[in-house]
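Everything below concerns the one structure shown next.
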Amino acid sequence: MSLADFRGSWLVLFFFPRASTTHCQLQARRFEALVPEFRALNARILGVSSDARSQQMAFRNLCQLSFSLIPDTNHQLSERYGVLDEPFPGEETRPARRETFLISPEGRVVRHWTEVVPKTHAAEVLEELRKVTGQ
């Protein structure tokens with residue numbers, strides 16, 4: 001999968017620190033609840049964390065997500081988007097910070113959120129998408 005695969009559609013690219021944690025579940029489920037509204041605006045959702053593929057698959061199944069998750073174990077995307085954080089105390093793996101990018105159909109970052117409240121963030125992103133698309 002490549003981000004180029006999403007050209008022609010709006011893309012909500014959200015980074016989260018760790019699969020299956022309470023706040024990550026809340027954030028992912030809020031996005032899932034709004035999938036039909038994002039699709040109606042020609043937008044797709046993609047989640048990214050540094051978790052292994054198996055952890056993300058379990059997370060995807062637990063939250064019953066219809067959108068894809070990318071395992072960024074080599075930190076390639078996290079570094080490219082500048083969201084790689086320091087390891088949690090006692091751990092070696094560097095997680096992504098909880099940040100989101102709204103990317104235009106042409107591949108340009110239109111909005112970048114660095115302050116994300118998992119409970120309300122999906123609705124905030126949807127509101128911004130409606131604003132930038134005029135819908």
Side-chain angles (χ1 to χ4, degrees):
M1 181 181 296
S2 165
L3 292 182
D5 297 338
F6 295 90
R7 287 280 168 95
S9 298
W10 286 90
L11 176 63
V12 175
L13 180 66
F14 77 96
F15 290 84
F16 59 97
R18 186 179 296 144
S20 299
T21 60
T22 303
H23 286 104
C24 293
Q25 286 182 42
L26 180 60
Q27 182 180 12
R29 286 180 170 147
R30 298 289 183 172
F31 273 116
E32 180 61 34
L34 296 175
V35 162
E37 293 178 63
F38 279 104
R39 284 190 183 143
L41 296 169
N42 188 35
R44 298 177 63 192
I45 301 168
L46 185 61
V48 182
S49 77
S50 57
D51 295 300
R53 179 171 164 67
S54 59
Q55 292 169 294
Q56 285 196 345
M57 292 303 294
F59 177 61
R60 191 169 187 259
N61 291 337
L62 174 70
C63 294
Q64 300 179 344
L65 304 177
S66 62
F67 54 84
S68 297
L69 300 175
I70 293 180
D72 189 31
T73 53
N74 62 5
H75 303 128
Q76 202 170 26
L77 278 174
S78 297
E79 285 180 352
R80 173 182 259 167
Y81 282 86
V83 301
L84 195 58
D85 209 352
E86 293 303 315
F88 294 116
E91 295 186 11
E92 293 181 23
T93 303
R94 294 179 69 189
R97 285 188 302 276
R98 191 179 310 280
E99 296 187 23
T100 302
F101 297 83
L102 179 60
I103 302 172
S104 75
E106 298 76 33
R108 186 176 49 86
V109 174
V110 173
R111 178 80 192 270
H112 175 201
W113 287 266
T114 57
E115 300 293 325
V116 172
V117 177
K119 185 176 182 178
T120 58
H121 185 59
E124 180 183 3
V125 174
L126 182 61
E127 182 181 323
E128 180 68 14
L129 180 61
R130 285 182 175 139
K131 182 177 151 187
V132 299
T133 60
Q135 297 185 31

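These numbers come from a predicted model, not from an experiment. All values below were derived from every heavy atom in this structure, side-chain atoms included, with hydrogens, water molecules and symmetry-related copies excluded.
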field: Sole candidate of His121, Glu32, Arg98, Lys119 that passes side-chain hydrogen bond (donor to acceptor under 3.5 Å, both in side chains) when paired with Gln27
entry: Arg98

query: Backbone N or O of Glu86 within a donor-acceptor pair of the Arg97 side chain at under 3.5 Å?
result: no

Is there a path from [X] to [Y] through hydrophobic residues (I, L, V, M, F, W, Y) whose side chains come within less than 4.5 Å of each other?
X: Val35; Y: Phe14; answer: yes
X: Leu26; Y: Leu65; answer: no
X: Val83; Y: Ile70; answer: yes
X: Val125; Y: Val132; answer: yes
X: Trp113; Y: Val110; answer: yes

Donor-acceptor list for residues 37-52 side chains, cut-off 3.5 Å, not counting sequence neighbours:
| from | atom 1 | to | atom 2 | distance (Å) |
| --- | --- | --- | --- | --- |
| Glu37 | OE1 | Arg130 | NH2 | 2.5 |
| Asn42 | OD1 | Ser9 | OG | 3.4 |
| Asn42 | ND2 | Gly8 | O | 3.0 |
| Ser49 | OG | Asp51 | N | 3.3 |
| Ser49 | OG | Asp51 | OD2 | 2.7 |
| Ser49 | OG | Gln56 | NE2 | 2.8 |
| Ser50 | OG | Arg94 | O | 3.2 |
| Asp51 | OD2 | Ala19 | N | 2.6 |

query: Take atom NE2 in His23; do more than 12 heavy atoms of anything else shown fall under 6.0 Å from it?
result: no

- prompt: Do Leu102 and Val12 pass the side-chain contact (heavy atoms from CB on, under 4.5 Å) test, and can you show the C-alpha distance, the side-chain angles, and the key distance before you say yes or no?
  reply: CA-CA 5 Å; Leu102 179 60; Val12 175; 4.1 Å; yes

What distance separates [X] [atom1] from [Y] [atom2], expressed to the nearest 0.5 Å?
X: Thr133; Y: Trp10; atom1: OG1; atom2: CH2; answer: 7.0 Å
X: Leu69; Y: Gln55; atom1: CG; atom2: CD; answer: 12.0 Å
X: Leu77; Y: Glu79; atom1: CG; atom2: CD; answer: 10.0 Å
X: Thr120; Y: Glu127; atom1: OG1; atom2: CD; answer: 10.5 Å

- prompt: Is any side-chain N of the basic residue among Glu106 and Arg108 closer than 4.0 Å to the acidic one's carboxylate O?
  reply: no

- prompt: Do any pairs count as a salt bridge (charged side-chain N to carboxylate O under 4.0 Å, His left out) and have a residue in residues 17-30, sequence neighbours left out, and if so which ones?
  reply: Arg18-Glu91

Mutual orientation of the aromatic rings belonging to Phe15 and Tyr81 [parallel < 30°, tilted 30-60°, perpendicular > 60°]: tilted

Aromatic contact, Phe59 with Phe16 (centres under 6.0 Å): yes

